[in-house]
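Take a look at the structure set out below.
Both counts, for ligands and for their atoms, begin at 1 and track the order of listing.
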Amino acid sequence: MIVITGATGALGGATVDHLLERIPADRIAVSVRDTAKAWHLADRGVRVRQGSYHDPDALRNSFEGAEQILLVSQNDPDSDGITLHRNAIEAATAVGAKRILYTSHQNVRTDSPFPPAAEHAGTEALLARSGLAWTSLRNGFYSHSLDWLLGPWQQTGVIAAPADGPASWTARADVAEAAAIILTTHPQDGPITLTAQHAVTFADIATTATQLTGHTITRVILDDDRWLTDRIAAGTPEHLARMLLTFFHAARNGHFAHTDPLLTELLGRSPHTITDLLTNRITA
Ligand SMILES: NC(=O)c1ccc[n+]([C@@H]2O[C@H](COP(=O)([O-])OP(=O)(O)OC[C@H]3O[C@@H](n4cnc5c(N)ncnc54)[C@H](OP(=O)(O)O)[C@@H]3O)[C@@H](O)[C@H]2O)c1
C-alpha cells in the first residue's frame with residue numbers, strides 16, 4: 001500500500017489523483033490532519049486516516065500497512081520542521097515501511113539565505129540515517145509562486161522587484177504527476193532534482209509577457225528595502241514579505257538556476273513552461 005500525507009493539500013491531493021489513474025484505490029491510503037476534508041477521496045475508495053506530524057501515535061496508526069509513504073514537507077515557518085519530519089520518519093520505520101518519498105527543494109543546502117533549504121537539508125540527513133530506502137524530490141521553485149513575487153504587472157505593465165537570478169520555475173502539477181510515476185513504476189533513490197527545462201529571469205519573463213500581451217511589460221529593479229516597505233504597505237504581513245525577499249537573495253546567487261532532464265524523462269513530455277503559466281494568467 002502507498003500512504004500519501006498532505007493529501008488535503010495541493011501536491012499530495014494531485015498525487016493521489018494520478019495514483020488513482022495507475023493503481024487500484026484499495027492500494028492507496030491518505031494520512032491527513034482533518035479527515036472531514038478528505039471525504040471526496042473516501043468516496044473514490046481511498047482509505048482516509050487521521051495523522052499529524054505533531055502526533056506520533058496517530059501518525060503510526062495512519063501509516064499502518066504502508067510499503068511506501070509520500071511525506072509532504074510541512075509548511076508552517078513557525079514550526080520546527082525537522083522535528084516534525086523526524087516524527088514521520090520514525091513512524092514509517094515503526095510500521096515497517098520500505099521507502100519514503102519526501103518533498104524537498106532544489107539546491108538543498110544549509111548555508112542558503114532561503115530558510116526552507118536548511119529544513120530540507122536537515123530532513124534529508126535524517127532520511128539518509130533512517131535505514132529505509134528514500135527518495136528526496138528536490139522540486140524546482142513552484143511557478144505559481146510568481147503570483148506573489150511579480151506584483152500586479154498585468155495592471156501596471158511593470159515587474160518591479162529586487163534583483164533576481166535565473167530560476168527553473170516548475171509546475172507543481174508536473175511534480176505531482178512525477179511523484180505518482182516514481183511511486184508506481186519508476187523508483188528513484190536518494191536526492192533527485194525535478195525542474196522545468198529552462199531557467200529564466202524576471203527580465204526574461206517581462207519579455208515573454210510583452211510578446212504574449214502585445215503590450216510592453218517593463219522589468220524594474222527595486223532596492224530590497226524599498227520593495228520590502230512597499231510590500232508591507234500594500235498589506236503583505238512583514239514576516240511573509242521578509243520570507244519572500246529571501247527568494248531574491250538566493251536567486252541572485254544562482255541557487256535556483258539549475259535544470260535537470262529527469263522530470264521530462266519521467267513525464268515522457270515537456271514539463272509546463274513559464275509561457276504556459278503567463279498564458280493562463282492572461283486568459284484567466
Ligand atoms: N518547491 C516550492 O517552490 C515550494 C513552494 C511552496 C511549498 N513547498 C513545499 O511543498 C509542500 C507541498 O506543497 P503544497 O503546495 O501542496 O502545499 P499545501 O497545499 O499547503 O499542502 C501542504 C500539506 O501539508 C499538510 N501539513 C502541513 N503541516 C502538517 C503537519 N504538521 N502534519 C501533517 N500534515 C501537515 C497540510 O495539511 P492540511 O491540509 O491539514 O493543511 C497540507 O495538506 C509544502 O508543504 C512545502 O513544504 C515547496
Return the set of residues passing side-chain contact (heavy atoms from CB on, under 4.5 Å) with Ala241 (not counting sequence neighbours), or none when no residue passes. Leu228, Arg231, Ile232, Thr236
Can you tell if the side chain of Phe114 reaches within under 4.5 Å of the side chain of His249, non-hydrogen atoms only? no
Pair Arg252 + Asp224: basic N to acidic O under 4.0 Å: yes
Atom pairs, nitrogen or oxygen, ligand 1 to protein, under 3.5 angstrom:
unit_1   : atom_1 : unit_2 : atom_2 : d
ligand 1 : 1 (N)  : Gly140 : O      : 3.2
ligand 1 : 3 (O)  : Tyr142 : N      : 2.7
ligand 1 : 10 (O) : Tyr142 : OH     : 3.4
ligand 1 : 15 (O) : Arg172 : NH1    : 2.6
ligand 1 : 16 (O) : Ala10  : N      : 3.3
ligand 1 : 16 (O) : Leu11  : N      : 2.7
ligand 1 : 19 (O) : Ala10  : N      : 2.9
ligand 1 : 20 (O) : Asn75  : ND2    : 2.7
ligand 1 : 28 (N) : Arg33  : NH1    : 3.4
ligand 1 : 32 (N) : Tyr53  : N      : 2.9
ligand 1 : 37 (O) : Arg33  : NE     : 3.4
ligand 1 : 37 (O) : Arg33  : NH2    : 3.4
ligand 1 : 39 (O) : Thr8   : OG1    : 2.7
ligand 1 : 40 (O) : Arg33  : NE     : 3.0
ligand 1 : 41 (O) : Arg33  : NH2    : 2.9
ligand 1 : 43 (O) : Gly6   : O      : 3.3
ligand 1 : 43 (O) : Gly9   : N      : 3.0
ligand 1 : 45 (O) : Ser73  : O      : 2.4
ligand 1 : 47 (O) : Ser73  : O      : 3.1
ligand 1 : 47 (O) : Ser73  : OG     : 2.7
ligand 1 : 47 (O) : Gln74  : O      : 3.2

Counting distance only, does the side-chain N/O of Thr5 pair as donor-acceptor with the main-chain N or O of Val3 below 3.5 Å? no
Quick one: which of Thr264, Thr259, Thr273 gives a side chain to side chain donor-acceptor pair (under 3.5 Å) with Gln197? Thr264
Any side-chain donor near an acceptor of the partner, His198 and Asp204, under 3.5 Å: no
